[in-house]
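Worksheet for the structure shown next.
Each chain gets a letter, A, B and so on, in the order its sequence line appears, and its residues count up from 1. Because only heavy atoms are used, hydrogens play no part in the values below, and waters and symmetry mates are left out as well, while side chains stay in.
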There are 2 protein chains.
Amino acid sequence: MNKRAFKDSVYGELAKVTKAMSNPHRLEIIDLLAQGPFSVEDIANNTGMPIANASQHLQHLKAAKLVRITRNGNFMLYSLAGENVYQAWASLRELGMVYNNAVEKVVTDFRKGYGEMETVDIDTLAKLIEQNEVILLDVRPQEEYNRGHIHHAMSIPIATLEQQLKQLPKNKTFIAYCRGPFCVYADEAVALLHREGFQAKRMDGGFPDWMLKGLPITRVDKI
Amino acid sequence: MNKRAFKDSVYGELAKVTKAMSNPHRLEIIDLLAQGPFSVEDIANNTGMPIANASQHLQHLKAAKLVRITRNGNFMLYSLAGENVYQAWASLRELGMVYNNAVEKVVTDFRKGYGEMETVDIDTLAKLIEQNEVILLDVRPQEEYNRGHIHHAMSIPIATLEQQLKQLPKNKTFIAYCRGPFCVYADEAVALLHREGFQAKRMDGGFPDWMLKGLPITRVDKI
DNA sequence: AAACTATTCAATAAACTCATTGAATAGATT
DNA sequence: AATCTATTCAATGAGTTTATTGAATAGTTT
């Protein structure tokens, strides 16, 4: 093999990975799977696409070895092939946010719809939790909390927050987090809490970003 | 804007970045530009493609804001838009090497053509240099050395190594480095040195990987 | 101002990618 | 063994992406 053939082959193989990531739906799937394993149907529902399409995109991701499959009864459970996959996606997301201000503009504009709100970055939050200064709310669906959540966080899925308001102390500060920077469950939670007179902020990034930093987590399910 | 429109828009924007990276030639260009600015012609020559194609691919990269342009006389100089770009590419490269063993196989197989050789990882090397244990050879073309090289490295472009052999001490260990893990200048250098009875190893990764770690570098050119 | 030169543009055809169907499959449950 | 169910497959057409040309352009140099 000559040098050119070698390079064609190396960059060709690597392009298979980037090609697998070069589609909006597949990026959304990767972002979702960072929470843990999901069935094809759940993936389709969460991303608003037909099941056949979701399946097709998952085949792409599988071919590029970005996802893994296990079976659970009738369901095929897809999950990320490893931490590196989220790492790479986070890197790309970062890149997109920094140099392409279109992304950042869309995000900040949309967030404004939930009213002004403070955010807390992950490292600061880690200290606040140690000092018992805040109450941490995981507002993702219950199953995602069960698969893994920030140490000391309490699970209040956004859908149930309204009913649970009365049990929350009025004199504490709440920090809400969810799936990631493009998930708005935490924004919805903070907006609702504000309306009801609570002190609340949103965590920057989501659970996978916390985990990537090696900060303490808890698991409930045994998977 | 509703949630779905928001997500479509965010993931759509981010997919523009990944799409820009989803082509073998463009990956090779990014890898090359990690050494510094290059003209369209140089890029075309280094990657073995027609100038018009190189230009076309560069337009893609520019549209995704992955590269920047400056003019120098008649030449347009393209360079990476920032360190994040290399960061993301390194992340993807890592991902490709870990989960898709096709890439790693191609690389190790091709390297075998240069004979058995030891490699030294970047962190180990940093210590060896401090302790004055080795002589570090930058075997990239002279201009790339001038734009930036590892502190204390001497420039011996691979094309000139053979003539300079007589001036090299026989009782030292040489470490050669070049552009990156897919560049074989360093392998060629080590193979040649071995043939002539010198002790030599290759550095893992290339100059950009050293730089990404924030290790000490020197610049000669004022750009 | 004319000539030059590096780069970009524009048009084309071939090769891919994607969404949309509806049928097929593999495995679990009855 | 028959039924059920989640997922995959296969075929189609519309829309992109790419390599290949050769012409056009925008600056620089003379």
Side-chain angles (χ1 to χ4, degrees), chain A residues 4-5 7-8 11-30 32-33 37-79 143, chain B residues 4-5 7-8 11-30 32-33 37-79 143:
Chain A
R4 180 79 334 246
K7 293 201 171 177
D8 286 349
Y11 291 110
E13 282 298 326
L14 286 168
K16 286 184 190 168
V17 177
T18 49
K19 274 207 173 79
M21 298 182 92
S22 73
N23 174 285
H25 295 302
R26 292 199 290 272
L27 290 182
E28 190 172 358
I29 291 175
I30 289 172
L32 179 65
L33 295 187
F38 282 82
S39 70
V40 178
E41 198 184 349
D42 283 351
I43 292 167
N45 291 339
N46 267 286
T47 56
M49 60 181 134
I51 290 178
N53 291 16
S55 176
Q56 203 181 153
H57 284 299
L58 286 164
Q59 300 315 304
H60 271 263
L61 292 170
K62 189 177 82 179
K65 312 215 179 166
L66 296 177
V67 301
R68 247 200 265 289
I69 314 183
T70 55
R71 182 178 271 275
N72 181 2
N74 265 345
F75 297 89
M76 306 302 290
L77 294 182
Y78 281 84
S79 42
E143 316 87 67
Chain B
R4 181 77 334 248
K7 294 200 171 176
D8 286 349
Y11 292 109
E13 283 297 327
L14 286 167
K16 286 183 191 169
V17 177
T18 49
K19 274 208 173 78
M21 298 182 91
S22 73
N23 174 286
H25 296 301
R26 292 199 291 271
L27 290 183
E28 190 172 358
I29 290 174
I30 289 172
L32 179 64
L33 294 188
F38 283 82
S39 70
V40 177
E41 199 184 349
D42 283 350
I43 292 167
N45 290 340
N46 267 286
T47 57
M49 58 181 136
I51 291 179
N53 291 16
S55 176
Q56 202 179 155
H57 283 300
L58 286 164
Q59 300 314 304
H60 270 264
L61 292 170
K62 188 176 84 178
K65 313 214 178 167
L66 296 177
V67 300
R68 247 200 266 287
I69 315 182
T70 54
R71 182 179 272 274
N72 181 1
N74 265 344
F75 297 89
M76 306 300 292
L77 293 181
Y78 280 84
S79 43
E143 315 88 68

Using a 4.0 Å cut-off on protein heavy atoms (strictly under), produce a 5'-to-3' string for nucleotides 18-24 of chain C with B for base contact, S for backbone-only sugar-phosphate contact, and - for none. SBBBB--
Heavy atom of residues 68-79 of chain B under 4.0 Å from DNA chain D: which residues? B:R71, B:G73, B:N74
Stepwise side-chain contact (heavy atoms from CB on, under 4.5 Å) test for A:K7 and B:L27: CA-CA 11 Å; A:K7 293 201 171 177; B:L27 290 183; over 6 Å; no
For the pair made of CD1 in B:I51 and C1' in C:dA10, what is the distance, rounded to whole Å? 18 Å
Once you round it to whole Å, what is the distance between C1' of C:dT7 and CG of B:D42? 13 Å
Worked check of side-chain contact (heavy atoms from CB on, under 4.5 Å) between A:D8 and A:R4: CA-CA 6 Å; A:D8 286 349; A:R4 180 79 334 246; 2.8 Å; yes
Expressed in angstrom and rounded to an integer, what is the separation of B:L58 atom CG from C:dT8 atom P? 7 Å
Identify all side-chain donor-acceptor contacts of residues 11-22 of chain B below 3.5 Å with residues at least two apart in sequence or on another chain.
residue, atom, partner, partner atom, Å
B:Y11, OH, A:D31, OD2, 2.5
B:E13, OE1, A:N100, ND2, 3.2
B:E13, OE2, B:K16, NZ, 3.1
B:T18, OG1, A:M21, O, 2.9
B:T18, OG1, B:A15, O, 3.0
B:S22, OG, B:K19, O, 2.7

A:P37 and A:L77: which non-hydrogen atoms are nearest, and at how many Å? CB-CB, 4.1 Å
I'd like to know if the side chain of A:N53 and the backbone of A:M49 have a donor-acceptor N/O pair within less than 3.5 Å. no
Length of the CD-P vector between B:Q59 and D:dT17, whole Å: 15 Å
Quickly work out the B:E28 CD to D:dA19 P distance and round it to whole Å. 12 Å
Roughly how many Å is it from CD in B:E41 to P in D:dT28, rounded to a whole number? 17 Å
Run the side chain to side chain contact (heavy atoms under 4.5 Å, CB included) test against B:S55 and tell me which residues pass, sequence neighbours left out. B:V40, B:Q59
Heavy-atom closest pair, residues A:F38 and A:L32: CE1-O, 3.5 Å
Just to verify, what does A:H25 make a ring pair (Phe, Tyr, Trp, His ring centres under 6.0 Å) with, not counting sequence neighbours? A:H57
Give the minimum heavy-atom separation between B:I43 and B:T47, together with the two atoms involved. O-OG1, 2.7 Å
Considering all heavy atoms of both residues, which atom of A:E41 and which atom of A:I51 are nearest to each other, and what is their separation? CG-CD1, 3.9 Å
When the axes are fitted on five pairs at both termini, how much does the helix from C:dA1-D:dT30 to C:dT30-D:dA1 curve, in 10° steps? 30°
Would you give the length of the straight line joining atom CG of A:L58 to atom CG of A:L66, rounded to the nearest 0.5 angstrom? 11.0 Å
